[in-house]
Structure formats: structure tokens, C-alpha cells
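We name chains A, B, ... by the order of the sequence lines, and we start the count at 1 in each one. Remember, it's a predicted structure, so these values are computed and weren't measured experimentally.
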Number of protein chains: 2
Amino acid sequence: MKDERFCNSNCPFTRAIGTIGNKWKPIIINVIGTRTIRFGQLDAIIPHITRKVLTEQLKELEEDGLLERMAYKELPPRVEYKLSEKGLAFLPILEAIKVWNLKYEVVTMP
Amino acid sequence: MKDERFCNSNCPFTRAIGTIGNKWKPIIINVIGTRTIRFGQLDAIIPHITRKVLTEQLKELEEDGLLERMAYKELPPRVEYKLSEKGLAFLPILEAIKVWNLKYEVVTMP
DNA sequence: TATACTGGTTACTATTCGGTAACTACAAAT
DNA sequence: ATTTGTAGTTACCGAATAGTAACCAGTATA
């Protein structure tokens, strides 16, 4: 997120929302989980995301220390991503969101 | 969020992100907490938010069943908001985010 | 008479975000 | 000689989001 009022807030909670409070980042973190995964796999697994947006989000996640990026000097190139300790520590929160949604979501049948 | 790919996803986790995965909603839910609070108070307490955006977000939170809105037929008008059971059940997740951030955030001194 | 009060709404504009399609590098295989 | 493969980048455009400022109702107060 570029919003400086969030990223530079003096409230730590607001800053936290600044790093993970958008639609793609929780999805990406959840898909990576505990594995090491390549860019192309992420692009294939995550529905509807474009390579451009995926690149941007991965870059921000890396800057915020949730993600580790390992580029191998090969051809064709190979780049692997995995969650850092900080990223892994966020997984239980995503699990809690799943449980919360399962319990309270109102499903309307069309 | 208007993105139908999130709100109508067949993945419940993706739908959950569709309802709370933006920057203002976690902030608003956190500020309300367990109390009953008026529109003007929210506007005054939450930094940088505008009345327009606050109105929109409150409306969406109500539609998604996280929030209850009570309007009193008085003059000047009085409208009170409080979290529903679903909204209250989300508070521990926000607490977990605070703890997570506190533990892992890298603070850079300027 | 004019102003304040509350909880909005409206019209307009600015900014940010997201999407599409084309393009890159370099080696290996066909 | 051309195609395939990976992990992007770039330019451009449109959509979504957010911000600004003015305005509303109807009573009470100055």
C-alpha cells in the first residue's frame, strides 16, 4: 500500500493494516503457506491475478519482510518464493479468518 | 469491496477477504470494539477518514452483517453503531494482528 | 434573524489500483 | 532458422477508490 498515512502511522495496528490490508496479499500468503513456490506456479494457482499485479504484491511483501525471494542465475530463469518467519507467523491468523468466516458467513442460495 | 471475483468466489476464504480485506474496515471494527458509538464519534476518532468514506464502509459492514445500525428519530438525529456477534467474533483476530505486528515489525528510525 | 447541531448526501475531481497486450533476455530443442 | 520456456517489465488505458466542498432537514439557542 502506498498510503503514507497508514504506512507511517504512529499506531502500530494501523501500520500492520498498511502491510497486509488489501485484497491480494492475504490470498498470496495463504497460497504460499509452508512451501517454496515458483512465480509461474503462483500465477497459475491464484485465480484472476495478473503477472503484473503478482509481481508488485510479491515485491511489497518482500520489502515488508514477509517473503523471501531466491533468484537462480539460470536460463530460463528460476525464482522461488517462500514465507519468512514473519510470514509464517501470519498463517495462523489466516486460519482464524477461515474459521470465523465458516461460522458466520450467511450464504444466500440463488 | 465491489470486486465480484472476490465476493462471489467459490472459495470461502476469498469471500472473507472480500468482506474485510481493505484498509478501512479493520480500523473501523477495531475502533468500535465492544462499545456502542455514534457516527460523529467515529468520524472524530478515526484519523484521516472522511464522512463519505466512513458512511460507505459502515454501510458495507452492515450489509455483511458485522455491524448493527440504530437510528433514533430525534432532532438533531442520533445514530448508533455497534458490532454484531459476527463483528465481535472478529475482534480476537485483530488482536492477533496487533500481537503479530508487535513481534515482527522492523522499525526504522529516521 | 442567524447560527449550531447531527448524520448524512451529492457532484465533482484526484489518485490509486488493476488489467491488457506487447516485449525482453538467453539458451535449448526442433 | 524458428519455436519454447521463465520471470518478469513497460506503456497505455479503464475502473475503482478516495478526497473536497457544498448542501439538506428541523429544532433549539443566541
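Checked by atom type and distance alone, the side chain of A:K86 pairs as donor or acceptor with a backbone atom of A:D64 at under 3.5 Å. A donor-acceptor pair under 3.5 Å links the side-chain atoms of B:N22 to the main chain of B:W24, judged by distance alone.
Results of the side chain to side chain contact (heavy atoms under 4.5 Å, CB included) test with A:Q57 over A:V53, A:T55, A:L54 single out A:V53 as the only residue that passes.
Screening residues 30-42 of chain B for side chain to side chain donor-acceptor pair (under 3.5 Å) gives B:N30-B:K98 as the qualifying pairs, with residues at least two apart or on separate chains. Among residues at least two apart or in separate chains, salt bridge (charged side-chain N to carboxylate O under 4.0 Å, His left out) pairs with a member in residues 19-30 of chain B are A:D3-B:K23, B:K25-B:E60. A ring pair (Phe, Tyr, Trp, His ring centres under 6.0 Å) check over residues 34-81 of chain A, counting only residues at least two apart or in different chains, returns nothing.
Each end of the helix from C:dT1-D:dA30 to C:dT30-D:dA1 gets its own axis from five base pairs, and the two axes differ in direction by 30°, given to 10 degrees.
To the nearest 0.5 Å, atom CD1 of residue B:I97 and atom CZ of residue A:F90 are 5.0 Å apart. Note that CZ of B:R69 is 9.0 Å distant from CG of B:L58, once rounded to the nearest 0.5 Å.
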Inset, instruction - Quick one, give me the B/S/- string for nucleotides 12-30 of chain C, reading 5' to 3', where B means a protein heavy atom under 4.0 Å from the base and S means that only happens at the primed atoms, P, OP1 or OP2. - result: -----SBBB-----BS---
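Summarising the geometry, the separation between CD on B:Q41 and P on C:dG7 is reported as 8 Å, rounded to the nearest angstrom.
Where DNA chain D meets chain A (any atom under 4.0 Å from a heavy atom), the bounding nucleotides read 5' to 3' are D:dG5 to D:dG19.
Residue A:Y72 is out of contact with every strand shown, counting any heavy-atom pair closer than 4.0 Å. Within 4.0 Å (heavy atoms only), B:K59 reaches sugar-phosphate atoms of the nucleic acid but no base atom.
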Inset, instruction - Would you please test B:I20 and B:I93 for side-chain contact (heavy atoms from CB on, under 4.5 Å) and show each step? - result: CA-CA 11 Å; B:I20 48 85; B:I93 291 171; over 6 Å; no
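A salt bridge links B:E80 and B:R78; the closest N-O separation between the charged side-chain nitrogens and carboxylate oxygens is under 4.0 Å.
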